[in-house]
Amino acid sequence: RVDLASINGRLNQRYSFAQNLGLSVAYENGLLHVCESYQNLLPYGQSVILKRVPVAWDESRLLEGAVSQYLTIARRKGNDWWLAGLTVSARTANVNLSQLLSAGKTYTAYIYRDGDKRNKIVVEKQTVTSASTLSLNEIENGGFLVQISENANLEMPIAETTYEAESSANELSSGLTVSSDEAIYTSGGKKVGGLGLGRKITFKGISVPEDGIYTVTIYYTTNDTRYA
């Protein structure tokens with residue numbers, strides 16, 4: 001679901017990351033495969049949930065839909081329900097769980113939904129019952145993936161902290177520029193240009209809960225072949 005036409009050296013991400021996750025349940029696949037680098041599935045924990053997605057289902061229900069507009073589908077494997085949402089225009093999917101869950105039981109919903117940008121996923125864990133209604137916001141060309149299970153201890157992604165390069169708290173070398181960019185390409189809607197040749201960014205205010213080794217992922221774009 002990525003248009004591989006390059007725009008100023010960048011891939012044109014037409015659909016949200018959360019919608020791409022939703023496709024794994026919305027479409028039936030005897031062999032689930034994702035056309036993406038494994039490293040790119042790590043930042044928002046997509047790899048955690050994709051490892052659990054079944055490839056065969058016991059029951060499927062179309063909860064709502066309009067041709068070429070939006071879709072919300074539920075599929076069951078064993079005692080677990082999986083919800084997938086896809087949409088063209090921004091909307092909120094309100095899923096009444098009484099049509100899926102047994103009364104008198106408590107479940108846990110593992111939610112992967114749209115953030116405020118196409119390249120952001122919000123991951124949540126929520127206790128639900130048959131009396132609950134899940135309200136899931138979908139951005140333009142967005143969506144979601146939800147697993148509802150009686151198991152409250154399934155793996156969750158490691159919490160991440162994001163630091164934006166253009167933050168006023170950082171120290172930028174002379175010659176660097178901060179400019180606005182299309183929200184589908186930059187997480188904060190802005191970018192820092194001119195890095196390299198002695199020009200650098202010093203990130204301030206970085207904190208961790210305890211001493212140890214942490215993984216740092218850096219995202220950048222370039223119009224030409226070069227070393228970061």
Side-chain angles (χ1 to χ4, degrees), residues 1-5 11-97 99-101 107-115 117-126 128 134 136-158 184:
R1 298 305 302 266
V2 175
D3 184 348
L4 294 180
L11 292 181
N12 180 15
Q13 179 68 43
R14 294 180 57 196
Y15 305 94
S16 78
F17 285 7
Q19 184 186 107
N20 286 331
L21 277 182
L23 292 174
S24 65
V25 168
Y27 295 159
E28 291 192 76
N29 297 280
L31 178 63
L32 179 61
H33 60 283
V34 179
C35 298
E36 182 59 277
S37 165
Y38 178 75
Q39 295 298 322
N40 289 340
L41 298 177
L42 297 177
Y44 294 108
Q46 297 105 303
S47 60
V48 173
I49 191 70
L50 286 173
K51 289 187 296 185
R52 301 201 295 261
V53 174
V55 294
W57 304 96
D58 299 323
E59 183 179 358
S60 297
R61 299 186 190 180
L62 177 63
L63 302 183
E64 59 175 355
V67 176
S68 298
Q69 296 182 47
Y70 61 87
L71 164 78
T72 303
I73 191 168
R75 299 190 191 274
R76 181 179 60 82
K77 179 66 173 181
N79 294 324
D80 285 9
W81 280 98
W82 293 76
L83 310 177
L86 316 173
T87 188
V88 174
S89 302
R91 65 185 298 269
T92 299
N94 294 302
V95 182
N96 186 336
L97 299 183
Q99 57 190 317
L100 304 176
L101 305 182
Y107 300 81
T108 299
Y110 299 86
I111 302 169
Y112 291 69
R113 62 174 178 81
D114 287 322
K117 305 288 189 300
R118 294 181 188 174
N119 60 359
K120 280 193 174 182
I121 296 177
V122 175
V123 181
E124 300 170 319
K125 182 177 178 180
Q126 183 176 331
V128 296
L134 288 178
L136 302 161
N137 293 328
E138 301 171 86
I139 63 173
E140 180 183 359
N141 290 324
F144 58 84
L145 176 63
V146 179
Q147 179 185 7
I148 302 177
S149 176
E150 293 181 47
N151 187 343
N153 298 306
L154 294 177
E155 182 183 1
M156 287 284 289
I158 297 173
I184 62 173

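Since this is a predicted model, take the numbers as computed values, not measurements.
For the pair Val88 and Ser68, the tightest heavy-atom approach, listed with the atom from each and the gap, is CG2-O, 3.5 Å. Nearest heavy-atom pair across Trp81 and Leu100 is NE1-O, 3.0 Å. Of all heavy-atom pairs spanning Tyr110 and Asn153, the tightest one is OH-N, 3.4 Å. Between Ala74 and Leu83 the shortest heavy-atom distance is CB-CD2, 3.6 Å. A pairwise comparison of heavy atoms in Arg61 and Ile73 identifies O-CG1, 3.3 Å as the closest pair. Looking at every heavy atom in both residues, Lys77 comes nearest to Ala56 through CD-O, 3.2 Å.
Partners of Arg52 under the salt bridge (charged side-chain N to carboxylate O under 4.0 Å, His left out) rule, at least two apart in sequence or in another chain, do not exist in this structure. A search for side chain to side chain donor-acceptor pair (under 3.5 Å) contacts involving Asn96 returns Ser98, not counting sequence neighbours. Ser24 meets the side chain to side chain donor-acceptor pair (under 3.5 Å) test with no other residue; sequence neighbours excluded. Here Thr92 pairs with Asn94, Ser135, Asn137 under the side-chain contact (heavy atoms from CB on, under 4.5 Å) rule; sequence neighbours left out. Checked against side-chain contact (heavy atoms from CB on, under 4.5 Å), Ile139 has the following partners two or more places apart in sequence or in another chain: Ser16, Asp114, Arg118. For Thr72, the side-chain contact (heavy atoms from CB on, under 4.5 Å) test picks out Leu63, Glu64, Arg91, Ala93, Val95, Phe144, with sequence neighbours left out. Evaluation of the side chain to side chain donor-acceptor pair (under 3.5 Å) rule for Asn141 yields no partner, not counting sequence neighbours. Ser89 is linked by a side-chain contact (heavy atoms from CB on, under 4.5 Å) to nothing, counting only residues two or more places apart in sequence or in another chain. Remark: Glu150 engages Lys105 in a salt bridge (charged side-chain N to carboxylate O under 4.0 Å, His left out) (not counting sequence neighbours).
Ile148 has its side chain within reach of Leu101: a pair of non-hydrogen atoms, C-beta onward, lies under 4.5 Å apart. Counting heavy atoms from C-beta outward, Leu31 and Val55 have side chains that stay 4.5 Å or more apart. With a 4.5 Å cut-off on side-chain heavy atoms, Tyr112 and Val48 count as touching. Residues Asn20 and Gln46 fail the side-chain proximity criterion, which asks for heavy atoms closer than 4.5 Å.
In this structure, the side chain of Arg113 does not engage the main chain of Gly115 through any donor-acceptor pair within 3.5 Å.
Between atom CD1 of residue Ile121 and atom CD1 of residue Ile111 there is a gap of 13.5 Å, rounded to the nearest 0.5 Å. Residue Glu138 holds its CD atom at 7.5 Å from CG of Leu86, rounded to the nearest 0.5 Å. Atom CD of Glu124 and atom CE of Met156 lie 8.5 Å apart (nearest 0.5 Å).
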